[in-house]
Amino acid sequence: MSTILVLQHIACEPPGAYEDELRAWGVELHRVQIDEGDPLPDWREFAGIVAMGGPMGAYEDDRLPWLAAEKRLIAEAVRAGAPFWGVCLGSQLLAASLGARVFPGPEAEVGLLPVFTTAAAAADPVFSVAPAEFLALQWHGDTFELPRGAVRLARSDAYPQQAFVFERAYGVQFHLEIDAALATTWGEVPAYAQSLRDLLGDDALPSLVEQVGRHEVQATELARRLLAAWLEHVIALEPAPGCVTQSAR
């Protein structure tokens, strides 16, 4: 049985629908809560790496020294050809690990907003399963430059870097993996709640949760199709016998 290393930066940002698809394939998860001091294991022991989001910036090494160690692990693993899937902060850490600049954008991108795939996505073994346009939850203020040697796969109206691939590593800035229940949990985190109030007003959370709820089936199904394609075409896994995966639906 294959095992995936999951790097989490806050308890309320698990892999969500991505985790559902991993388990459907019979994959085991080795979860590391980096912000809580869990040690980083040897990445060579795993079939791939999934790195999730968090409230910190990928450049805050002085405040959070563990970021430097995590970026070293990602850089070493990705440049050695390890499969990688990074979400939001995870995509920014991937970009930073490949030498690209990560920085605060001109304004935060928050809400259920359209994402557009690029022409290159149609030829990509993973992003070719995505439609030309889809809605995804955005909740970030940082962005990044496209790393040298990477290929842009998606953009939004606010930020050009929404998804990219470098060899066997993928970074996605947006969130497809969460449902209304998880969005509600995010709103219970004081830092997240305050950020949302500052950006969109006191009533922003109920409105955002309602939007996520209306589109959660389409979003989570797309999340699972993308990860299924990554598992099949990048890691070259086969589903466990009897498992019903998104790629089989």
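The analysis underlying the following values was restricted to heavy atoms, covering all of them including side chains, and did not include hydrogens, waters or symmetry mates. No experiment lies behind these values; they were computed from the predicted model shown.
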Could you list the donor-acceptor pairs under 3.5 angstrom formed between side-chain atoms of residues 89-101 and any protein atom two or more places apart in sequence or on another chain?
unit_1, atom_1, unit_2, atom_2, d
Ser91, OG, Cys88, O, 2.6
Gln92, NE2, Gln173, OE1, 3.1
Ser97, OG, Lys71, O, 3.2
Ser97, OG, Leu93, O, 2.7
Arg101, NE, Glu145, OE2, 3.2

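Side-chain contact check for Trp230 versus Glu21: every heavy-atom pair is 4.5 Å or farther apart. Glu109 places none of its side-chain heavy atoms less than 4.5 Å from the side chain of Phe174. The closest side-chain heavy-atom distance from His140 to His175 is not below 4.5 Å. The shortest side-chain heavy-atom distance between Glu210 and Pro206 does not fall under the 4.5 Å cut-off. When side chains are defined from C-beta on, Glu36 does not count as touching Trp66, because their heavy atoms never get closer than 4.5 Å. Within the 4.5 Å cutoff, no side-chain heavy atoms of Val78 are placed close to those of Glu167. Residues Leu113 and Ser156 are not in side-chain contact: their nearest non-hydrogen atoms beyond the backbone lie 4.5 Å or more apart. Residues Val126 and Leu153 are not in side-chain contact: their nearest non-hydrogen atoms beyond the backbone lie 4.5 Å or more apart.
Residue pairs meeting the side-chain hydrogen bond (donor to acceptor under 3.5 Å, both in side chains) criterion with at least one partner in residues 178-191, sequence neighbours excluded, do not occur; the list is empty.
With values rounded to the nearest 0.5 angstrom, Leu227 atom CG is found 8.0 Å from Ile4 atom CD1. For the atom pair CZ (Arg225) and CG (Leu222), the distance works out to 5.0 Å, reported to the nearest 0.5 Å. Residue Leu7 holds its CG atom at 6.0 Å from CD1 of Ile74, rounded to the nearest 0.5 Å.
Take Tyr59 and apply the side chain to side chain donor-acceptor pair (under 3.5 Å) test, not counting sequence neighbours, and it matches Asp142. Considering only residues two or more places apart in sequence or on other chains, Arg72 meets the salt bridge (charged side-chain N to carboxylate O under 4.0 Å, His left out) condition with none of them. Annotation: side-chain contact (heavy atoms from CB on, under 4.5 Å) contacts of Leu146 (sequence neighbours excluded): Ala150, Arg152, Gln161, Phe164. Contacts of Leu73 classified as side-chain contact (heavy atoms from CB on, under 4.5 Å), with partners at least two apart in sequence or in another chain: Leu40, Trp43, Ile49. Partners of Arg44 by salt bridge (charged side-chain N to carboxylate O under 4.0 Å, His left out), not counting sequence neighbours, listed by chain and number: Asp42, Glu76. In this view, Glu238 satisfies the side chain to side chain donor-acceptor pair (under 3.5 Å) rule with no residue, not counting sequence neighbours. Qualifying side-chain contact (heavy atoms from CB on, under 4.5 Å) partners for Arg31, counting only residues two or more places apart in sequence or in other chains: Val6, Gln8, Pro14, Pro15, Glu19, Arg23, Leu29, Gln33. For Phe116, the side-chain contact (heavy atoms from CB on, under 4.5 Å) test picks out Pro114, Glu133, Arg155, Asp157, with sequence neighbours left out. Every residue was checked against the salt bridge (charged side-chain N to carboxylate O under 4.0 Å, His left out) condition with Arg197, not counting sequence neighbours, and none meets it. Tyr170 is linked by a side chain to side chain donor-acceptor pair (under 3.5 Å) to Asp124, counting only residues two or more places apart in sequence or in another chain.
When all heavy atoms are compared, the tightest approach of Gly105 to Tyr159 is CA-OH, 3.1 Å. The shortest heavy-atom contact between Pro41 and Phe46 is CG-CE1, 3.7 Å. Closest non-hydrogen pair, Asp61 versus Ala68, comes out as OD2-CB, 3.5 Å. Here the shortest heavy-atom pairing between Ala154 and Val115 reads CB-CG1, 3.8 Å. Nearest heavy-atom pair across Pro83 and Val234 is CB-CG1, 4.0 Å.
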Next on the checklist: I'd like to know whether Met56 forms a side chain to side chain contact (heavy atoms under 4.5 Å, CB included) with Arg63, so could you lay out the CA-CA distance, the side-chain angles of the two residues, the decisive distance to 0.1 Å, and finally the verdict.
Outcome noted: CA-CA 9 Å; Met56 59 288 299; Arg63 185 173 73 88; 3.8 Å; yes
Checklist entry - Leu226 and Phe127: side chain to side chain contact (heavy atoms under 4.5 Å, CB included), yes or no, with the steps? => result CA-CA 7 Å; Leu226 288 167; Phe127 265 78; 4.3 Å; yes
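Between the side chain of Glu177 and the backbone N or O of Gly16 there is no donor-acceptor pair closer than 3.5 Å. Judged by distance alone, with hydrogens and angles left aside, the side-chain atoms of Glu60 form a donor-acceptor pair with the main-chain N or O of Gly57 at under 3.5 Å. Proximity of a side-chain donor or acceptor of His9 to a complementary backbone N or O of Ile34 within less than 3.5 Å is not detected.
Tracing side-chain contacts under 4.5 Å through hydrophobic residues (I, L, V, M, F, W, Y), one reaches Leu176 starting from Leu22; they form part of the same cluster.
Ring orientation note: the planes of Trp85 and Tyr18 are nearly perpendicular, at an angle over 60° on the 30°/60° scale.
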